[in-house]
Q: 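Quick one: structure below, then a few questions.
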Amino acid sequence: MTSLTLLLWIALGLALQLAIYLAIGFVRHWREYRFLRRRLRGLELPPESAPAAVQEDIAAEGWNGFRAFRVDRKQFEDAARSICSFYLVPEDGAPLPAFKPGQFLTFRLDVGGDAAGGAQIVRCYSLSDAPRKDYYRVTIKRALPPAGSDYPPGRSSSHFHDRVGPGDVLQVRAPSGHFHIERSQAPVVLIGGGIGITPMLSMLNWCVAEQPEREVWYFHGVRNGQELIMRPEIEALAEAHPNLHVRFCFSNPLPSEVSGRDYHHDGRIDVGMLRMELGLRPYEFYICGPTPMMESLVSALEDWGVPDSRIHYEAFGPASIRRRQAGDVQPADPDVSTASVMVTFSRSGKQLSWSPPDGSLLDFAEANGIDVNAGCRAGACGSCETAICAGEVAYRQAPDYDPEPGKCLLCMCTPKTSLILEA
Ligand SMILES: Cc1cc2nc3c(=O)[nH]c(=O)nc-3n(C[C@H](O)[C@H](O)[C@H](O)COP(=O)(O)OP(=O)(O)OC[C@H]3O[C@@H](n4cnc5c(N)ncnc54)[C@H](O)[C@@H]3O)c2cc1C
């Protein structure tokens, strides 16, 4: 063997050793990498940003946080004095930002501590007049306890009715909400049931002032004339605007009330009634009222062939309504977990199994005795905003309130994966 061959053998041996060393290192690192990836998945870290909540850029016109408003005037709207309007002017005297008709204000109220809970609550109320330079108006119905129960009456509405009057100062967040009318030439149908008429009043007043040539139908459903609010003003608008068509629908008229004189339709607002009144035109429908009314009306409009994009609605109560699609099947949302998942409430030290019948995370927390804040229960006020320590949630519909990154609104979401919540 020559010295050159020997040298080659030595070099080959060294290269082999190096290759073995590198291969061992690579395998070790690959194992470590796979182990870390598995742990990371196990930790179910929150997404980089909070679940998307579409929020229009109204902040530029509004204000941040709460602003002081003085009650300028308080006016009962019905004979029973169960519905009351409050006219609000800004304490700082600065101009009032415009809003989109249909939007709401959020109030932080000091209601005084009682057996039902703490002293501060947050509630939302729709703006019930068109945008004006001099005041905002909200119209509030007193929430009575359910018939036959001995529950206390509604805290916020009782506070407004019994304790808020001219000169009082209230803390108010800027107008917000996705449920609003757009400027368009499309004919529009405004349907309000009970106190759900408030955003419709705003849309109606705006339409006749800003787009008097637009065809507007206004359906107001109540039990009888005692619940009908602002009748003279609405009738005066209809007199003055030939494109506005007003229909009062009474589901339980008083014996003294006569169809054709005191009201237009006997019964609840339904698609049969709408088909009788409306032509075959591409109407935009705006609906607000009790959940059962909206559930039946929205499905019936879909059955009638009204495209989804032309049906707009808002619930004052617990979040979304169930929508019926073709074949009476609820659409499966790929984001919502259909299996049981573990939810850990870290502050309360509870780990519980959630499954779809448990509903929203707010319902689930309350049903398990976990102390969480709640206000509107409709994704509007932000009271139930809670930090997500690990895992992901899914929203059934985009909330009006935009949660901070890494937080969620318990009233509007369900688990997407197993979760750790700071509650
Ligand atoms: C976007 C939006 C806009 C809104 N706009 C308007 C509007 O324009 N006008 C309006 O009047 N409302 C509006 N609301 C509803 C409003 O925000 C309040 O939900 C409503 O005033 C009731 O609040 P409350 O504090 O008076 O009643 P809560 O204290 O929340 O009580 C609600 C009901 O539960 C009953 N109750 C109390 N304790 C119990 C118990 N232990 N078990 C079962 N029931 C119980 C009460 O008697 C009452 O009937 C709107 C809501 C939203 C989300």
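Residue numbers run from 1 in the order of the sequence given. In listed order, ligands and their atoms are each counted from 1. This is a predicted model, so every value here is computed, not measured. Computed from heavy atoms alone, side chains included, the values below leave out hydrogens, waters and symmetry copies.
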Q: Would Glu302 and Trp304 count as having a side-chain donor-acceptor pair, cut-off 3.5 Å?
A: no
Q: With heavy atoms of Pro145 as the reference, note each atom of ligand 1 found under 4.0 Å away.
A: 47 (O)
Q: Could you check atom 20 (C) of ligand 1 against the protein and tell me its nearest heavy-atom contact, residue, atom and distance included?
A: Tyr125 OH, 3.8 Å
Q: What protein heavy atom lies closest to atom 19 (O) of ligand 1? Include the residue and the distance to one decimal.
A: Arg123 CD, 4.2 Å
Q: Please find the pair of heavy atoms, one from Val122 and one from Cys381, that lie closest to each other, and give the distance.
A: CG1-CB, 3.6 Å
Q: Can you name the atoms of ligand 1, numbered from 1 with element, that are less than 4.0 Å from a heavy atom of Cys376?
A: 53 (C)
Q: Within the 4.0 Å heavy-atom shell around Ser157, which atoms of ligand 1 are there?
A: 21 (O), 24 (P), 26 (O)
Q: Side-chain donor-acceptor pair under 3.5 Å between Ser176 and Gln103, yes or no?
A: no
Q: Which ligand 1 atoms, with their elements, are less than 4.0 angstrom from a heavy-atom of Arg155?
A: 24 (P), 25 (O), 26 (O), 27 (O), 28 (P), 29 (O)
Q: Only one of Arg155, His159, Gln171 clears side chain to side chain contact (heavy atoms under 4.5 Å, CB included) with Leu109; which?
A: His159
Q: Is it true that, when you exclude Asn368 itself, more than 12 heavy atoms of the residues, nucleotides or ligands shown sit nearer than 6.0 Å to its CG?
A: yes
Q: What residue and heavy atom of the protein are closest to atom 6 (C) of ligand 1, and at what distance?
A: Phe316 CE1, 3.3 Å
Q: If you measure only the distance, is there a donor-acceptor pair under 3.5 Å linking the side chains of Glu215 and Tyr283?
A: yes
Q: Using the ring-ring contact (aromatic ring centres under 6.0 Å, His included) rule, pick out the option among Phe160, Tyr136, Phe104 that qualifies with Tyr125.
A: Phe160
Q: List the residues meeting side chain to side chain donor-acceptor pair (under 3.5 Å) with Arg275, not counting sequence neighbours, and say none if there are none.
A: none
Q: Does atom 51 (C) of ligand 1 have a protein non-hydrogen atom under 4.0 Å from it?
A: yes
Q: What residue and heavy atom of the protein are closest to atom 22 (C) of ligand 1, and at what distance?
A: Ala143 CB, 4.1 Å
Q: Hey, is ligand 1 close enough to Ala380 that some N/O pair sits below 3.5 Å?
A: no
Q: Search all heavy atoms of Ile388 against all heavy atoms of Val393 and return the closest pair with its distance.
A: CD1-CG2, 4.1 Å
Q: Looking only at non-hydrogen atoms, which of Cys288, Ser156, Gly177 approaches atom 24 (P) of ligand 1 most closely?
A: Ser156
Q: Looking at Arg268, I want to see if its CZ is surrounded by more than 12 non-hydrogen atoms of other residues, nucleotides or ligands under 6.0 Å.
A: no
Q: Tell me: protein heavy atom nearest atom 27 (O) of ligand 1, and distance?
A: Gly154 CA, 3.1 Å
Q: If you look at every heavy atom in Cys288 and Glu314, which pair is closest and at what distance?
A: SG-O, 3.4 Å
Q: Output the list of atoms in ligand 1 that are nearer than 4.0 Å to some heavy atom of Ile195, sorted by atom number.
A: 9 (N), 10 (C), 11 (O)
Q: Please report whether atom 16 (C) of ligand 1 has a protein non-hydrogen atom at a separation of less than 4.0 Å.
A: yes
Q: Once side chain to side chain donor-acceptor pair (under 3.5 Å) is applied, what residue pairs with a partner in residues 245-259 remain, sequence neighbours excluded?
A: Arg247-Glu277
Q: Are there protein heavy-atom neighbours of atom 41 (N) of ligand 1 below 4.0 Å?
A: yes
Q: Suppose we measure from atom 8 (O) of ligand 1 to each protein heavy atom; which comes out shortest, and what is that distance?
A: Thr198 OG1, 2.8 Å
Q: For atom 39 (C) of ligand 1, what's the nearest protein heavy-atom neighbour? Residue, atom name and distance, please.
A: Tyr151 CG, 3.5 Å
Q: Identify the closest protein heavy atom to atom 14 (N) of ligand 1: which residue and atom is it, and at what distance?
A: Cys124 O, 3.5 Å
Q: Is there side-chain contact between His220 and Ile229, with heavy atoms separated by less than 4.5 Å?
A: yes
Q: Does Ile83 approach ligand 1 within less than 4.0 angstrom via side chain, backbone, both or neither, non-hydrogen atoms only?
A: neither
Q: Taking heavy atoms and a distance under 4.0 Å, where does Pro152 meet ligand 1: side chain, backbone, both or neither?
A: both
Q: Does ligand 1 have any atom sitting under 4.0 Å from a heavy atom of Thr139?
A: yes
Q: What part of Leu144, side chain from CB on, backbone N/CA/C/O, both or neither, has a heavy atom under 4.0 Å from ligand 1?
A: backbone
Q: For ligand 1, does Phe104 get within less than 4.0 Å through its side chain, its backbone, both, or neither, judged by non-hydrogen atoms?
A: side chain
Q: If the threshold is 4.0 Å, N to carboxylate O, is there a salt bridge linking Asp78 and Lys141?
A: no
